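Reading through the structure tokens given below for one structure.
This is a predicted model, so every value here is computed, not measured.
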Amino acid sequence: MRGTAMKRILDLYKTPYGLSIKRGLTLATPFLILGSFALLLNSFPHEGYQAALEGAAGGRLSVLLEYLYNVTLGSLALILLITISISFGQMVQKDEAALYPVTAVCAYLSFCGGLQEQSAYVFASDWVFSAMCIALISGGLLRKLMQMVHRIKKLHTIGADYIFNLTIKGLLPIALICILFGIVGLALRSVIDTGNITNFGSYLFLKLFSGIGKNLFGILLYVFFSHLLWFFGIHGTNTLDAVAKQFFEEGVDVNQALIEAGLAPTEIFSKTFLDTFVFVGGCGAALCLVLALFIAAKKSNNRKLAQVASPFVLFNISEIVIFGFPVIFNSAMFIPFLLTPLVLALTSSGAMALGLVPMVSNSVEWTVPVLFSGYQATGSLAGSLLQLFNVAVGTCIYIPFIKRSEKKQTRDFRSSVKDMEKAMFQCETAGKAPELMTGTSPFEYAAKALALDMENAIDRGQVQLHYQIQITGEGKIHGAEALLRWEHPVAGNISPPLLIDIAYEGGFLRKLGLYIVESVCRDVREMKRIYSKDLHISINLSPYQMEDEVFLEEALEAIDRYDLDGTQLVFEITERVLLNNSPQMQRRINRLREKGYKVSIDDFGMGHGSMLYLQNMTFDEVKLDGKLVKQMLDNKRSKDIISGIVKLADDLDFQVVAEYVETQQQRDMLQELGCDIYQGYFYGKAEPLPVFEEKYLIP
């Protein structure tokens, strides 16, 4: 039952609301890091450093660092208001995306009552909860209202600029949203009689903790709620910042006063206690998570993430690893993310209650690195040793869950790739070009991640070519087809059509095409070292590549750099190319043939009037559509079509290659029909070059 409830909650992650939180927080990461380092550089606890900072440029450097903090981390509510709302807008309606952040900011200010005469800065980090809620609610309202006004034809001005029409249609929805939030904010302030209600995240939690106090239960509850909010994409420590300051801030002051009076400190719990001994490395004890990744992660991307995140978590900046692994909305990490800081709160309070570690008596900025902060907070080396102990405990908690999460990552990514492959097949069946990376695609970010991985794999030479043998009717080697293969470290083998589309949408198809051509040429050179007879080597060209004249010329230049004597290159093109029966396309095909290369039509015989293309274009070869070969034993029409193609080939002087030959019976019937070049599992699957050479070319 609880698992079902968790699944329903995590399903929110897949909606525009959940995804916009994750993407918005990720987009805010550079500002969080900049603000955190500005704070660190301005407050690093070293007297000599502080003296140098004050003297630098007459103290202006310190002022500049303060400015940077104020406009980034100090204005986190404003940043998240913008990044979350624009992420939401890009997902639900890309053309109108710019309206969403402006609407969210105006709705937020309407709710707060404007900027004038505010007792607090309404964009400060402790207002994050209110800002995120209003960003999502205003986004949902704007989406619904814009859908309604698009149906009102009178709002459209014929002949006017598109943006003008869009803004006119947006006038009424934006006005209604701002008025609505203004009324709600005014009503809350009137009924509850306090301006703090506009920061309702802090208000609600302050009410909750006012009845609990600053005891162990209060600390554990604070840790639990802050991390529960973090798990669902809400900046928990900032949302509860007012709670930490009101209930736990004074603990250090009390201890200092007692020490000055010659008495022993009595207050275990304080904000510095939390920052120094519970949140080591940031929320979720992120330093423990990073160390666990170094120890237990098997996947290269997670180990790389640990390397990138480690310098930041030393200064308690956790966003890179929290969003990069990820932790938020990751059911496999729910338990350790909440459990680790709760355990560290217990070990730390227990050590201090037993007198093993002095109680915190000095305030420490949360950006001070581990070990330094422990010593400074307690004035004792025991504080640093407690931090080391906590890091070891937290790392041990995370390790088994890292392994479990990696398995989940593998399943999720493989599922996304399979779904993309299905979408590709559906688009091909419908005759449409797939759009996997657009803002409206459910696969947008998975496809973009795959594109980055693939381009890196090309640069590292990890994309491979396998070769499938082609045999003549006399049993002699005719040649082979070069087939694209890439085994993704997580998703496994990716289908070639998906790879081509990913490369096209990712903007590196030309790079992939040249990589393939160069690889074939190098492989052919290796083949000729051990096989002296003539070979036909087929290379597939996608429609996108045939439409790219620059690629074609660069590919021909690349081939010219190799000595391919005794090898006949055959360029295979699909019927989609033939649909573009333009003079430019005919010129490119002729250019290939003029250079001495053969041109083959792939999947011939089942498309849109395959025979008609032979009237206007000259080809050297056709490859029978695999469906014809598979069905010919049971389907007389398929058999007759193959017979007709073979007879046409005799008249027009081109050769016929049959793919998907899987049985002796198929091969015999094809030979009976006059087709005498075969390719398929009956003769062998596609193999990497060393295996191909050993099986077919070495005497």
Sub-3.5 Å donor-acceptor pair from the side chain of R303 to the main-chain atoms of K298, do we have one?
-> yes
Y544 side chain reached by D501 side chain, heavy atoms, under 4.5 Å = yes
May I ask you to decide if A292's main-chain N or O and T395's side chain share a donor-acceptor pair within less than 3.5 Å?
-> no
For the side chain of S226 and the backbone of G236, is there at least one donor-acceptor N/O pair under 3.5 Å apart?
-> no
Over all heavy atoms of both residues, which pair between M424 and P497 is shortest? Give the atoms and the distance, please.
-> CE-O, 3.3 Å
Return yes if a side-chain donor-acceptor contact under 3.5 Å exists between Y108 and S130, otherwise no.
-> no
Rounded to the nearest 0.5 Å, what separation is found between the OG atom of S495 and the CH2 atom of W486?
-> 11.5 Å
Test log, rule side-chain contact (heavy atoms from CB on, under 4.5 Å), inputs L136 and M132 | CA-CA 6 Å; L136 294 175; M132 293 175 70; 5.6 Å; no
Flag the pair C288 / V280 as yes when at least one side-chain heavy-atom distance between them is below 4.5 Å, and no otherwise.
-> yes
Do F225 and L208 touch side chain to side chain, with heavy atoms closer than 4.5 Å?
-> yes
Ignoring hydrogens and geometry, is there a side-chain-to-backbone donor-acceptor pair from S85 to I82 under 3.5 Å?
-> yes
Any donor-acceptor N/O pair, Y515 side chain to V463 backbone, under 3.5 Å | yes
Parallel, tilted or perpendicular for F279 and Y222, by the 30°/60° rule?
-> tilted
Nearest-0.5 Å distance that lies between atom CG in L499 and atom CG in L509 = 11.0 Å
Only one of L76, L115, V128, I79 clears side-chain contact (heavy atoms from CB on, under 4.5 Å) with F123; which?
-> L115
Spacing of L80 atom CG and S20 atom OG [to the nearest 0.5 Å] = 11.0 Å
Are I320 and I33 close enough, and set up right, to give a side-chain contact (heavy atoms from CB on, under 4.5 Å), and what steps lead you there?
-> CA-CA 9 Å; I320 290 178; I33 293 173; 3.5 Å; yes
May I have the step-by-step check of side-chain contact (heavy atoms from CB on, under 4.5 Å) for I322 and L25, ending in yes or no?
-> CA-CA 10 Å; I322 295 301; L25 284 165; over 6 Å; no
Rounded distance [0.5 Å steps], CD1 in I134 versus CZ in F111 = 5.0 Å
Can you see which heavy atom on G24 is nearest to which on S87, and at what distance?
-> N-OG, 3.7 Å
Name every donor-acceptor pair, under 3.5 Å, that has one atom in a side chain of residues 450-458 and the other anywhere in the protein, sequence neighbours excluded.
{"unit_1": "D453", "atom_1": "OD2", "unit_2": "H488", "atom_2": "NE2", "d": "2.8"}
{"unit_1": "E455", "atom_1": "OE2", "unit_2": "K511", "atom_2": "NZ", "d": "3.4"}
{"unit_1": "N456", "atom_1": "ND2", "unit_2": "L452", "atom_2": "O", "d": "3.2"}

Partner residues of I177 under the side chain to side chain contact (heavy atoms under 4.5 Å, CB included) criterion, sequence neighbours left out | T103, A107, S138, L141, L142, L145, F181
Can you check whether G284's main-chain N or O pairs, donor with acceptor, with H227's side chain at less than 3.5 Å?
-> yes
Side-chain heavy-atom pair T410, K299 within 4.5 angstrom cut-off = yes
So F88 and Y100, would you call those rings parallel, tilted or perpendicular, with 30° and 60° as cut-offs?
-> tilted
Under 4.5 Å between any side-chain heavy atoms of I402 and N302, yes or no?
-> no
Flag the pair L221 / F209 as yes when at least one side-chain heavy-atom distance between them is below 4.5 Å, and no otherwise.
-> yes
Count the heavy atoms belonging to other residues, nucleotides or ligands that lie under 6.0 Å from NZ of K144, then report whether that count exceeds 12.
-> no
From OG1 (T72) to CZ (F37), nearest 0.5 Å = 12.5 Å
Just by modelled atom types, is the L32 backbone N or O under 3.5 Å from a matching donor or acceptor in the S36 side chain?
-> yes
Can you check whether I500 reaches L484 side chain to side chain, under 4.5 Å on heavy atoms?
-> yes
Using modelled atom types only, decide if a donor and an acceptor are shared between the side chain of Q246 and the backbone of L206 within a distance under 3.5 Å.
-> no
Between P326 and M333, the two heavy atoms sitting closest are O-CG, 4.3 Å
Working to the nearest 0.5 Å, report the span between CG of L342 and CD1 of I219.
-> 11.0 Å
Any chance you could lay out the side-chain contact (heavy atoms from CB on, under 4.5 Å) test for K169 and E96, step after step, and finish with the verdict?
-> CA-CA 11 Å; K169 290 179 179 179; E96 301 167 3; over 6 Å; no
Close side-chain approach of F337 to L228, heavy-atom, < 4.5 Å | no
What residues, two or more places apart in sequence or in another chain, satisfy side chain to side chain contact (heavy atoms under 4.5 Å, CB included) together with F294?
-> V290, A306, Q307, S310
Heavy atoms of T340 and G394 approach each other most closely as CG2-CA, 3.6 Å
Which heavy-atom pair separates A332 from F401 by the least distance, and what is that distance?
-> O-CD2, 3.6 Å
Under 3.5 Å side-chain donor-acceptor pair for N330 and S405 = yes
State, to 0.1 Å, how close P173 and M146 come at their nearest heavy-atom pair, and which atoms those are.
-> CG-SD, 3.8 Å
